[in-house]
Every structure is written in structure tokens, then in C-alpha cells.
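The structure under discussion appears below in the form of C-alpha cells.
Index from 1, following the sequence. Below, each value reflects all heavy atoms present in this structure, side chains not excepted, and no hydrogens, waters or symmetry copies.
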Amino acid sequence: MQSEATTHDRILDAAEALFAEQGFESTSIRAITAAAGANLAAVNYHFQSKETLIHAVLARRLDPVNDTRLSMLDAILAQSDGAPPDLDGILHAFARPIFEAAFGLEANPAFARLAGRISSEPGDSLRKLAFEHIRPVAHRFFRAFALALPDLPPVDLIWRIHLSIGAMFHLLAASDFICEISNGIFQTPDVETALLQWVTHTRAALLAPAAKSNLQQQSQLKAAG
């Protein structure tokens with residue numbers, strides 16, 4: 001006889017696989033119970049609602065990755081000793097745990113597609129759920145990037161980080177696309193290649209000259225202050 005814990009995990013595994021394949025909105029509880037070999041009562045007992053189940057799926061995959069990212073960031077900030085922290089160190093802390101989870105030796109096949117679904121699925125409800133897991137990390141990293149780039153106007157910083165995150169999510173959601181257009185150079189992205197290319201791309205974006213309008217705005221704010 002299978003234990004309740006096993007039923008709980010089977011439901012999580014089935015939900016994760018179906019969410020990655022079909023999307024969060026399109027996947028029904030009935031499909032999840034059928035894939036898990038469970039019944040509706042078991043889903044209601046363990047998760048109460050589809051929203052709670054989505055929370056659990058996201059927490060199981062995102063929270064350990066985010067914990068690692070924050071630990072790496074803490075180490076980088078501790079090394080700065082009051083000086084602007086190392087930009088490359090922050091970029092690696094932000095991206096490496098994500099790419100390890102998506103493309104590493106112990107990667108979960110559904111992780112990259114789940115991340116892609118978060119960014120691409122229509123509607124606000126999923127993004128609001130996901131942002132509960134992402135918000136603390138986003139705020140901590142934004143402050144770290146601001147310390148590393150003190151002369152970059154906040155508006156530029158926000159835009160560049162946002163666009164770089166978009167590039168990351170695109171890679172996660174459509175990793176097969178780069179394999180196809182490479183004419184066989186890539187069979188699948190590996191951690192070090194993905195990290196090198198993303199960091200190189202994002203560093204260049206962050207270090208580019210500030211937009212003139214934002215520089216003027218920043219000068220006016222300093223003069224007013």
C-alpha cells in the first residue's frame with residue numbers, strides 16, 4: 001500500500017510534468033489525478049486547490065535555486081568590503097543556479113519549460129503566484145546591481161535587467177531553437193556555455209552608456225537635491 005507522502009509526491013510530479021507540457025492554465029486537475037494515479041479527494045486533501053498545487057510545484061523547483069542564488073550573492077557582497085561589488089560575481093550568482101537547474105548533470109527535464117511557461121503564459125494570475133517566490137530575490141539583486149553600477153541611472157538599470165531576464169527566460173523556454181539554428185554546433189545548451197554567453201551579453205548591456213534622457217534626468221535630480 002502506498003503512503004500518503006508518496007501520493008503527495010506523485011501528484012506534484014504529475015502536475016509539474018503537465019504544467020511544463022501543456023501550461024498551467026490548460027492543465028486540469030482531472031488530468032493531473034489521472035497521470036498521478038490518484039483521485040480528486042487526494043488532491044483536495046494535500047493541496048486544497050489548483051492554486052495551492054501550483055504554489056507547491058513552484059516552491060519545490062524555485063525556492064532551492066533562489067536560496068543558492070542568495071547565498072552566492074551574500075558571499076560576493078561580503079567580499080566587497082564597502083567598495084562596489086564585483087559585477088561578474090553578481091551576474092554569476094544570478095544565473096548559474098538557474099542554468100545548473102535547467103542544463104546541469106542533475107537537471108530536472110521540466111525545469112526549463114516551467115520557467116518558460118512563467119514568462120510566456122498569458123494572464124496575470126500565474127505571474128502573481130510566481131512573483132511571490134521571485135520577489136525577495138529580485139529586490140536583493142537589484143540593490144546589488146545598483147551598488148555595482150552607481151553611475152547608471154535607475155531607469156536604465158531596471159530596463160537592462162528586465163531585458164536580460166527576458167533573454168534568460170527565452171533560452172530556458174526555447175533551448176531547442178538555438179540548437180536548430182546552430183546547424184548542429186549545439187545539441188543542447190550546457191551550463192558553462194549558457195552562463196558564458198548570458199553573462200557576456202548582460203555585462204555588455206549593463207556597462208553600455210546611459211541613455212541621454214536618463215542622464216539629463218539624473219543630473220536634474222542631483223541639482224535639485
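Taken to the nearest 0.5 Å, the NE2 atom of H201 stands 11.0 Å off from the CG atom of L171. The structure places CD1 of I76 at 13.0 Å from CG of L147, a figure rounded to the nearest 0.5 Å. A distance of 4.5 Å separates CG in N44 from CG in L40, rounded to the nearest 0.5 Å. Rounded to the nearest 0.5 Å, atoms OG1 (T202) and CG (L163) are 10.0 Å apart. Considering CG of L62 and NE2 of H55, their distance stands at 11.5 Å, rounded to 0.5 Å. One finds the CZ atom of R117 at 8.5 Å from the CZ atom of F24 (value rounded to the nearest 0.5 Å).
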Exercise for the section: Evaluate the side-chain contact (heavy atoms from CB on, under 4.5 Å) criterion for residues F145 and L152: first the C-alpha distance (whole Å), next the side-chain angles of each, then the deciding distance (0.1 Å), finally the verdict. Expected result: CA-CA 10 Å; F145 281 122; L152 187 65; over 6 Å; no

Practice task
Mind running side-chain contact (heavy atoms from CB on, under 4.5 Å) on L58 and L114 for me, showing each step along the way?
Solution key: CA-CA 9 Å; L58 294 177; L114 278 175; 5.7 Å; no

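Nearest heavy atom pair, residue L18 against residue A31, reads CD1-O, 3.6 Å. In this structure, P64 and A59 approach most closely via the heavy-atom pair CD-O, 3.4 Å. Residue L77 comes nearest to S80 through the heavy atom pair O-OG, 2.6 Å, listed as atom of the first residue, atom of the second, then distance.
Between the side chain of R160 and the backbone N or O of A208, at least one donor-acceptor pair lies under 3.5 Å. Between the side chain of T33 and the main chain of R30, a donor-acceptor pair closer than 3.5 Å is present. S26 contributes no side-chain N or O that, together with a main-chain N or O of G23, makes up a donor-acceptor pair within less than 3.5 Å.
D190 and T193 share a side-chain donor-acceptor pair at under 3.5 Å. Inspection of the S71 and T68 side chains reveals no N or O donor paired with an N or O acceptor under 3.5 Å. Side chain to side chain, N66 and H133 fail the donor-acceptor criterion of an N or O pair below 3.5 Å.
Taking the ring centroids of H8 and F47, they lie under the 6.0 Å cut-off.
Between E16 and R61 there is a salt bridge, since at least one side-chain N of the basic residue sits less than 4.0 Å from a carboxylate O of the acidic one. Checked for salt-bridge contact, D13 and R60 meet the test: a charged N lies under 4.0 Å from a carboxylate O.
When hydrophobic clusters are built by joining Ile, Leu, Val, Met, Phe, Trp and Tyr residues whose side-chain heavy atoms come closer than 4.5 Å, directly or via intermediates, L73 is grouped together with F142. When the side chains of ILVMFWY residues are joined at heavy-atom separations under 4.5 Å, either directly or via intervening members, M72 and L206 end up in two distinct hydrophobic clusters.
A 6.0 Å sphere centred on CD of Q22 holds more than 12 heavy atoms belonging to other residues, nucleotides or ligands. Heavy atoms of other residues, nucleotides or ligands lying less than 6.0 angstrom from CZ of F177 number 12 at most. Atom CD1 of I181 has more than 12 heavy atoms from other residues, nucleotides or ligands within 6.0 Å. With a 6.0 Å radius and a threshold of 12 heavy atoms from other residues, nucleotides or ligands, Q48 has its CD atom above the threshold.
The closest side-chain heavy-atom distance from I161 to F141 is not below 4.5 Å. Using a 4.5 Å heavy-atom cutoff, the side chains of H46 and T7 are in contact.
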Just distance, no hydrogens or angles: give the donor-acceptor pairs under 3.5 Å from side chains in residues 89-102, sequence neighbours left out.
residue: H92; atom: ND1; partner: D88; partner atom: O; Å: 2.8
residue: R96; atom: NH1; partner: E100; partner atom: OE2; Å: 3.4
residue: R96; atom: NH1; partner: E192; partner atom: OE2; Å: 2.9
residue: R96; atom: NH2; partner: E192; partner atom: OE1; Å: 3.1
residue: R96; atom: NH2; partner: E192; partner atom: OE2; Å: 3.4

